[in-house]
Amino acid sequence: MNLELVTIGIIVANVLVSIKGFDDYEFRNKYIYNIGAIQNGQHYRMITSGFLHANPPHLFFNMLTLYFFADIVIMNFGQLNFVLIYLASLLLGSLLSFFFHQKDYAYTALGASGAVTGILYAAILLEPHMTLGLLFIPIPIKAWIFGILYLVFSIYGMKKQLGNIGHDAHFGGAVAGFVITLALRNSIVYTDTYIVIAMALPIIALFVMIKTGKI
């Protein structure tokens, strides 16, 4: 797999900013995602927080995921649209997180997971029949099935506030990757109709649950 220059650039930016934030707490606290600060007008945190990570393993797994799936998106859409999907996924993840936590002024978050999840879901739509092998599940599964299961798990995680994980940011990133990919290549709706519908069902379910107050 050949890393494109834009992928290298994003990985380097994440690594440099994260390393700075590992030891410089003043720097990290200035750019981390924080509801109270965002409500006070520091909207830049919705983007800058996506380049900070809690620790080296957090950074490693996000960048490893980006490494595996970036080329699929770039080969299909080019570098500019790749960056568009990455940043839009980061932003929508931050916005959905804000929606769920807007009354919790102390809520903080960091990490590129929302952006990386957007790239992952773009890749899944582009190559839905590729197989994904997961660390804790030794049996490879179809990418589109993984996509559905991950969204369902994210909804469960949001509802139960499961673990110290930004499930809402992951979900928002996935939605951005899903929608922008369909907008850029709407032929997928016709060639893989049942897959598009199946992957859209958890997204629809979340918004129904929000509307009915069940989450």
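On a predicted model such as this, the values are computed, not experimentally measured, just so you know.
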**Report entry** Rounded distance (nearest 0.5 Å) linking atom CD1 of Ile180 with atom CG of Leu92
**Finding:** 8.5 Å
Report task. Hey, could you give me the CZ/CZ distance between Phe22 and Arg28, rounded to the nearest 0.5 Å? Result -> 8.5 Å
Report summary line: What one should report as the nearest heavy-atom pair of Glu127 and Ala143 is O-CB, 4.0 Å
Requested in this report: With side-chain contact (heavy atoms from CB on, under 4.5 Å) as the test, would you mind laying out the steps for Ser94 and Arg45 before giving the verdict?
Outcome: CA-CA 9 Å; Ser94 293; Arg45 290 173 181 261; over 6 Å; no
Query raised in the report: Is the centre of the Phe153 ring less than 6.0 Å from the centre of the His167 ring?
Result: yes
Query - Least distance between heavy atoms, Met199 atom then Leu151 atom - result: O-CD1, 3.8 Å
Requested in this report: Please say whether more than 12 non-hydrogen atoms of neighbouring residues, nucleotides or ligands are located less than 6.0 Å from OH in Tyr156.
Outcome: no
Report summary line: For Ile85 and Gly177, the nearest pair of non-hydrogen atoms, with its separation, is CG2-CA, 4.1 Å
Report summary line: Contacts satisfying ring-ring contact (aromatic ring centres under 6.0 Å, His included) that involve residues 194-215 (not counting sequence neighbours) are Trp144-Tyr194
Query raised in the report: Which atom names give the shortest non-hydrogen contact between Ile32 and Leu52, and what distance separates them?
Result: N-CD1, 3.7 Å
Query raised in the report: Which value, rounded to the nearest 0.5 Å, describes the distance between Ser18 atom OG and Leu110 atom CG?
Result: 7.5 Å
Requested in this report: Find out whether Gln42 and Asn34 are in side-chain contact, i.e. whether some heavy atom of one side chain is under 4.5 Å from a heavy atom of the other.
Outcome: no
**Report entry** Sub-4.5 Å side-chain heavy-atom contact between Ile210 and Phe100
**Finding:** yes
**Report entry** Over all atoms of both residues, closest heavy-atom pair of Ala109 and Ser49
**Finding:** O-CB, 3.9 Å
Report task. May I ask you to test the Met75-Leu126 pair for a side-chain heavy-atom distance under 4.5 Å? Result -> no
Requested in this report: Evaluate the side-chain proximity of Phe69 to Met130: yes if any heavy-atom separation is below 4.5 Å, no if none is.
Outcome: yes
